[in-house]
*Asks:* 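What follows is a structure written as structure tokens; I'll ask about it next.
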Amino acid sequence: MPARGADAGTPGEGAPPAVVSIHDVGPDTLDPVAELLDGIRPRAGTAVSLLVVPGLDWSAADLDRLRAWQAEGFELAGHGWIHHGPPRTPWHRVHGWLISRDQAEHLSRSEGEIEALMRAGVEWFAAHDLGTPELYVPPAWALGAIGEAALRRLPYRRIEVLRGFMAMNAGGAPAVAPCPLIGFEADTRFRAGALTVFNAASIRWARLRRRPLRIGFHPHDLSLRLRDGALASLDRGWRFLTSEEAVAELPEETLDAHRAD
């Protein structure tokens with residue numbers, strides 16, 4: 001198995017931490033995901049979470065690729081069910097216009113619908129010999145109207161929302177620790193400019209506060225407007241952590257689960 005984090009050629013224990021993920025892993029994105037992994041491996045090893053969209057048309061060959069990545073050491077995480085849903089509430093429409101377009105699958109759903117969606121993902125992983133995912137990342141990081149009791153009925157130990165990582169502790173309320181985030185999914189000039197400013201501010205915050213920087217890739221980033229800076233963002237002296245390692249290092253800042261978005 002390839003080395004993880006600091007053993008993969010990155011700085012050691014004193015370096016600022018970073019967590020890498022690739023979103024929207026599905027049957028139609030496996031080739032660009034593989035291209036991203038080819039660029040990430042020499043920098044971060046296997047300290048990468050692959051966010052899998054289970055409710056799509058997966059072939060046997062597609063599932064074999066997921067199992068191979070998992071066997072290599074990459075974490076497979078749940079990422080919605082089909083990753084999109086039409087907005088039915090005013091907040092979902094605003095969120096879609098500002099951030100997510102139609103990708104925030106949770107936002108117009110009830111608590112029961114969200115819980116069922118998240119549970120279906122767990123069952124899909126088990127049915128395809130992929131284990132039980134410990135990490136869940138709702139599409140567009142938008143968890144929606146699901147509360148603590150419902151979340152505790154699910155087996156996920158870590159949930160990543162827009163604000164940061166939510167640790168599902170054995171006792172007490174879920175702890176959400178804010179962690180800065182950068183991304184590169186810029187298909188318009190406006191989004192490229194906005195993300196450039198946002199990314200620079202997040203990197204400064206990560207270094208000043210010593211919080212893990214979340215580096216979120218999407219499958220087609222290497223063909224979009226910020227392609228030149230995407231993989232280069234990994235070459236800035238980070239100490240790469242898995243999501244489990246990152247959460248273990250975070251201070252617990254207890255917030256209500258409904259406010260995690």
Side-chain angles (χ1 to χ4, degrees), residues 2-12 14-26 28-51 69 74-75 77 79 83 97-101 103-104 137 139-142 160-165 178-243 245-246:
R4 306 180 80 100
D7 296 329
T10 59
V19 184
V20 180
S21 61
I22 302 178
H23 292 232
D24 305 355
V25 178
D28 294 337
T29 64
L30 294 180
D31 287 342
V33 168
E35 183 182 1
L36 275 169
L37 287 176
D38 286 344
I40 292 170
R41 275 188 193 90
R43 298 166 164 93
T46 57
V48 181
S49 299
L50 304 180
L51 311 189
W69 283 331
F74 295 106
E75 176 181 34
H79 192 45
H83 199 284
W97 180 69
L98 290 174
I99 300 173
S100 61
R101 296 179 178 172
Q103 301 304 304
V137 185
W141 295 280
E160 184 185 347
V161 293
L162 188 61
R163 186 177 178 86
F165 283 108
C179 297
L181 169 70
I182 65 172
F184 309 94
E185 195 180 24
D187 56 353
T188 67
R189 184 174 297 177
F190 172 79
R191 288 170 74 92
L195 275 176
T196 297
V197 173
F198 179 83
N199 289 352
S202 293
I203 290 169
R204 285 196 297 272
W205 180 29
R207 291 187 180 279
L208 285 172
R209 297 287 300 277
R210 308 294 292 182
R211 287 289 175 85
L213 177 70
R214 292 177 290 153
I215 304 175
F217 291 99
H218 287 78
H220 301 292
D221 284 350
L222 299 184
S223 63
L224 298 178
R225 290 175 179 266
L226 296 182
R227 57 187 173 273
D228 292 339
L231 291 175
S233 68
L234 303 174
D235 300 326
R236 303 186 66 162
W238 306 110
R239 173 172 56 96
F240 295 105
L241 303 177
T242 65
S243 71
E245 291 166 342

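By convention here, the first residue in the shown sequence is residue 1.
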*Asks:* Can any side-chain N or O of R207 pair as donor or acceptor with the backbone N or O of P16 at less than 3.5 Å?
*Replies:*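 No.
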
*Asks:* Assess the residue pair S243 and E75 against the criterion (side-chain hydrogen bond (donor to acceptor under 3.5 Å, both in side chains)); give the C-alpha distance rounded to whole Å, side-chain angles, the decisive distance to 0.1 Å, and a yes or no.
*Replies:* CA-CA 9 Å; S243 71; E75 176 181 34; 2.9 Å; yes

*Asks:* Taking all non-hydrogen atoms of both residues, which atom of C179 and which atom of P212 are closest, and how far apart?
*Replies:*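 Answer, listing the atom of C179 first, then P212: CB-O, 3.5 Å.
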
*Asks:* Side-chain contact test, heavy atoms from C-beta onward, threshold under 4.5 Å: evaluate it for V137 versus V161 and give yes or no.
*Replies:*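 Sidechains of V161 and V137: no contact.
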
*Asks:* Check whether any side-chain heavy atom of L231 lies under 4.5 Å from a side-chain heavy atom of I40, and answer yes or no.
*Replies:*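 Yes - at least one pair of side-chain heavy atoms lies under 4.5 Å apart.
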
*Asks:* Give the minimum heavy-atom separation between P219 and P32, together with the two atoms involved.
*Replies:*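 In this case the closest contact between P219 and P32 is O-CB, 3.2 Å.
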
*Asks:* Once rounded to the nearest 0.5 Å, what's the spacing between atom CZ of F165 and atom CZ of R214?
*Replies:*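 Atom-to-atom, F165:CZ and R214:CZ are 6.0 Å apart.
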
*Asks:* How close do G237 and A15 get, counting heavy atoms only, and between which atoms?
*Replies:*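 So the two residues come closest at O-CB, 3.3 Å.
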
*Asks:* L51 and D24: side chain to side chain contact (heavy atoms under 4.5 Å, CB included), yes or no, with the steps?
*Replies:* CA-CA 6 Å; L51 311 189; D24 305 355; over 6 Å; no

*Asks:* Side chain of S202, backbone of L181: donor and acceptor closer than 3.5 Å?
*Replies:*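 Between the backbone of L181 and the side chain of S202 there is a qualifying donor-acceptor contact (under 3.5 Å).
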
*Asks:* Tell me which pairs pass ring-ring contact (aromatic ring centres under 6.0 Å, His included) where either residue lies in residues 202-229, with sequence neighbours left out.
*Replies:*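 Pairs touching residues 202-229 that pass the test: H23-H218, F184-F217.
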
*Asks:* Please examine the side chains of S233 and I182, heavy atoms only from C-beta on, and report whether any two atoms are closer than 4.5 Å.
*Replies:*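 Heavy-atom side-chain distance check passes, below 4.5 Å.
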
*Asks:* Can you tell me how far apart CG (L241) and CG (L213) are? Round to the nearest 0.5 Å.
*Replies:*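 These two atoms lie 11.0 Å from each other.
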
*Asks:* Short question: side chain of R43, backbone of D235 - any donor-acceptor pair under 3.5 Å?
*Replies:*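 Looks like no, no N/O pair under 3.5 Å.
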
*Asks:* Any chance you could measure I22, atom CD1, to F74, atom CZ, to the nearest 0.5 Å?
*Replies:*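 It comes to 7.5 Å.
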
*Asks:* Would a 4.5 Å heavy-atom cut-off, applied to side chains only, mark W238 and V20 as touching?
*Replies:*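 No - every pair of side-chain heavy atoms lies 4.5 Å or more apart.
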
*Asks:* A side-chain contact here means heavy atoms from C-beta on lying under 4.5 Å apart; do H79 and V25 qualify?
*Replies:*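 No; the side chains remain at least 4.5 Å from each other.
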
*Asks:* Measure the CZ-OG1 distance between R41 and T46 for me, rounded to the nearest 0.5 Å.
*Replies:*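 Taking CZ in R41 and OG1 in T46, the distance rounds to 9.0 Å.
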
*Asks:* Rounded to the nearest 0.5 Å, what's the gap from OG1 on T188 to CG on L195? Could you check?
*Replies:*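 With rounding to 0.5 Å, OG1 (T188) is 9.0 Å from CG (L195).
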
*Asks:* When you measure from the side chain of R191 to the backbone of R225, do you find a donor-acceptor pair of N or O atoms at a distance under 3.5 Å?
*Replies:*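 Side chain of R191 to backbone of R225: no pair is present.
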
*Asks:* Any side-chain to backbone donor/acceptor pair from D221 onto L226? Under 3.5 Å, distance only.
*Replies:*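 Checking the backbone N and O of L226 against the side chain of D221, no donor-acceptor pair under 3.5 Å is found.
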
